Amino acid sequence: MSYPARRMRRLRRTPALRRMVAETALRPADLVAPLFVRDGIDEPEPIASLPGVLQHTVASLVLEAKHLATLGVPAVMVFGVPATKDAAGSGASDADGIAQVALRALRDALGDALVLVADLCLCEYTDHGHCGLVDAAGGIDNDATLERYAEVALAQAAAGADIVAPSGMMDGQVGAIRAALEGGGLAGTAILAYAAKYASSFYGPFREAVDVTIAGGGDRRGYQQDPANLREALAEVRLDVAEGADLVMVKPALPYLDVLAAVRAEVDVPVAAYHVSGEYAMLAAAAERGWIDRSAAALEVVGSIKRAGADVVLTYLAGELAELLDPVRG
Ligand code: PBG
């Protein structure tokens with residue numbers, strides 16, 4: 001009689017055995033909830049392509065943030081949706097712009113109980129929908145945009161952001177923001193760099209959430225990364241760390257788990273991954289049709305992002321997962 005060399009199944013027999021030998025575990029503390037706050041509305045509004053996610057009023061945003069904090073979610077990422085847009089994206093750096101109003105309200109209500117991350121970009125605030133300033137020839141003016149990002153960073157930090165998160169993929173954005181924060185007496189504000197951000201087809205629902213249409217049917221391929229490239233992501237990450245990034249991000253998450261693992265191996269700063277709107281929408285749509293089990297799929301997907309190397313996962317599933325992640329049942 002011959003036996004298998006090693007019986008892998010012995011340690012899979014009971015839930016307690018499986019828990020004991022689990023190599024990774026998802027915790028509420030790993031999660032960041034992206035939240036939308038919209039100027040000029042009296043009631044929170046649903047977002048059709050992101051079922052379960054809302055455009056908040058400042059008041060409902062604060063309530064949601066308090067709820068997330070009680071669930072053990074350590075951080076939120078704030079996106080502002082302004083009432084009016086213009087070519088320079090003025091609202092992004094206005095002290096009374098919606099994101100700044102929201103950050104102050106969150107800080108007042110929650111003190112240091114929740115980490116406040118501010119997405120730093122112009123696209124929610126520009127009438128042309130680009131992440132940077134458009135020049136006379138219709139191109140994106142990189143260096144003029146850096147000056148705007150510096151102004152936005154100062155406004156967000158002054159309003160209470162612990163972390164600013166530049167997402168526009170302009171060259172030199174982290175260095176420009178770091179210098180502005182130091183010069184503005186806000187050296188304690190950290191930078192989460194959207195370092196490897198791809199020109200992805202998974203941002204569609206987000207653009208509905210922030211009311212963005214790119215002028216003339218344009219796209220962001222002139223500044224976001226080509227999905228074909230991995231070495232380029234590592235170069236972006238190295239540059240951002242050299243420029244002073246405190247954390248770096250890979251975005252989207254699931255289609256780029258190889259990039260995430262490579263970034264994790266490359267740097268020693270914390271690595272974040274953004275499970276983006278289209279990734280959430282796919283999961284929500286399949287679950288709505290009864291084709292997959294929503295909770296099980298959510299745990300598996302976000303768990304896989306952690307296993308691939310993320311220290312922090314930004315996900316619209318944050319609150320739901322924190323409720324599912326009972327520390328006893330694990
Ligand atoms: C803005 C920004 C985008 C996302 C986060 N910040 C959209 C884009 O680059 O078009 C996408 C987030 C998501 O899809 O959930 N620069």
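Counting starts at 1 for both ligands and their atoms, following the listed order. The basis for the numbers below is simple: all heavy atoms, side chains too, and nothing from hydrogens, waters or symmetry mates. Note that this is a predicted model, so its numbers are computed, not measured.
No salt bridge links K85 with D211; every basic N to acidic carboxylate O contact stays at or beyond 4.0 Å. Using a 4.0 Å cut-off between charged nitrogen and carboxylate oxygen, D96 and R104 count as a salt-bridge pair. We find that E23 and R307 are not joined by a salt bridge, their nearest charged nitrogen and carboxylate oxygen being 4.0 Å or further apart. A salt bridge is defined here as a Lys NZ or Arg NE, NH1 or NH2 lying under 4.0 Å from an Asp or Glu carboxylate O, and E320 with R294 meets this definition.
When L283, L325, L31 are each tested for a side chain to side chain contact (heavy atoms under 4.5 Å, CB included) with V302, only one passes: L31.
Distances from atom 5 (C) of ligand 1 to the heavy atoms of E208, E279, K251 put K251 nearest. The heavy atom nearest to atom 16 (N) of ligand 1, out of those in Q224, E124, R207, K197, is found in K197.
Residue C131 touches ligand 1 through its side chain alone, judged by heavy-atom distances below 4.0 Å. Under 4.0 angstrom from ligand 1, the non-hydrogen atoms of D119 all belong to its side chain. At a 4.0 Å heavy-atom cut-off, ligand 1 touches Y316 through the side chain alone.
The Y274 neighbourhood of ligand 1 comprises atoms 12 (C), 15 (O), with distances under 4.0 Å to a heavy atom of that residue. Proximity to R220 (heavy-atom distance under 4.0 Å) selects the following atoms of ligand 1: 8 (C), 9 (O), 10 (O). Atoms of ligand 1 found under 4.0 Å from any heavy atom of C121 (numbered from 1 in listed order, with element): 16 (N).
With a 6.0 Å cutoff to the six-membered ring centre and a 45° limit on the axis angle, K197 counts as a cation-pi contact of Y203.
In this structure, atom 12 (C) of ligand 1 lies nearest to the protein heavy atom F206 CD1, 3.3 Å. For atom 14 (O) of ligand 1, the nearest non-hydrogen atom of the protein is S277 OG, 2.7 Å. Among protein heavy atoms, atom 1 (C) of ligand 1 sits closest to C123 SG, 3.4 Å.
For S93 and R148, the side-chain atoms include at least one donor-acceptor pair closer than 3.5 Å.
Taking the six-membered ring where the residue is Trp, Y274 and Y316 present tilted rings, their angle falling between 30° and 60°.
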